[in-house]
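Let me begin by presenting the structure, written as structure tokens, before commenting on it.
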Amino acid sequence: MFVTFEGIEGSGKSTQIKILKTALEKIHFDVEITREPGWGAVGELIRKIILDIPDLDLDPFSEISLFCADRAQHVKELIKPMLNKGKIVLCDRYFDSTLAYQGYGRSLDIELVKKMATASTLGLIPNVTILLDISVNTALSRIVERPGRNKIDDESFDFHSRVKNAYLGIAKDSPRVHIINGEDEEAEVHDKIKRCLSTNFSIFSRL
Ligand code: TYD
């Protein structure tokens, strides 16, 4: 079972993934947490190029190519093998991020972005995607103090608004994507995620 988490900066994905892992382990599931970009040797190098070197002037096409390269490695080296072992994989960002950030945030050609993002999954589409939705104001206030802010965190209010709206559009077009209000208290968001998974998937009915 492959579950991805999406949302703008500060939406609480990584916190919710950790709490969900604990809840799933309590009912004896074997869970692997991962994230994009930056898994593995290739991913770590790619992450540095995209996010961590402030003066590097990356063309948007170079940027999307690097995110897609990171994903293909990640799917091949980690996600597929873990799923084949019967694990539940919880992934912080996946190909919807590419459509939202590179397609709508960077305004690249949407059809091209869809093709590249889909190709980069090597055919592996998530079983379910949790979209944690928060306002751009909340996002910016949550990340203002964040240690290790990256280049994309520092993008404009308009950029983050385009990404947020893109996510809502993706959710509207795809029954795979479930929107959860990320503005609520941590425990309440967790309960909503559990309810969403347990009502939609019999494998999670004990959550
Ligand atoms: P990260 O530091 O991992 O933070 P978070 O996921 O908590 O926001 O930042 C990853 C950044 O990369 C984030 O700003 C979203 C961006 N991103 C893309 O632009 N396209 C992509 O395909 C992916 C996977 C991430």
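We're numbering straight along the sequence, starting at 1. Both counts, for ligands and for their atoms, begin at 1 and track the order of listing.
- In this structure, CD1 on I152 lies 11.0 Å from CD1 on I143, to the nearest 0.5 angstrom.
- Applying the side-chain hydrogen bond (donor to acceptor under 3.5 Å, both in side chains) criterion to T98, with sequence neighbours excluded, gives R71.
- The side-chain heavy atoms of L58 and L66, taken from C-beta on, include a pair separated by under 4.5 Å.
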Enumerate, one pair per line, all nitrogen or oxygen atoms of ligand 1 lying under 3.5 Å from a protein nitrogen or oxygen, stating the separation to 0.1 Å; write 'none' if no such pair exists.
residue  : atom   : partner : partner atom : Å
ligand 1 : 2 (O)  : R47     : NH2          : 2.8
ligand 1 : 2 (O)  : N150    : ND2          : 3.1
ligand 1 : 3 (O)  : R47     : NH1          : 3.1
ligand 1 : 6 (O)  : K13     : NZ           : 3.0
ligand 1 : 6 (O)  : R93     : NE           : 2.6
ligand 1 : 8 (O)  : E9      : OE1          : 2.9
ligand 1 : 8 (O)  : R93     : NH2          : 3.0
ligand 1 : 9 (O)  : N150    : ND2          : 3.3
ligand 1 : 14 (O) : E9      : OE1          : 3.0
ligand 1 : 14 (O) : E9      : OE2          : 3.2
ligand 1 : 19 (O) : Q102    : OE1          : 3.4
ligand 1 : 19 (O) : Q102    : NE2          : 3.0
ligand 1 : 20 (N) : Q102    : OE1          : 2.7
ligand 1 : 22 (O) : R71     : NH2          : 3.2
ligand 1 : 22 (O) : T98     : N            : 3.3
ligand 1 : 22 (O) : T98     : OG1          : 2.6

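- Checked against the 6.0 Å centroid criterion, the rings of Y104 and Y167 do not qualify as a close aromatic pair.
- For Y94 and F5, the gap between ring centers reaches or exceeds 6.0 Å.
- For the pair V189 and I180, the minimum side-chain heavy-atom distance is below 4.5 Å.
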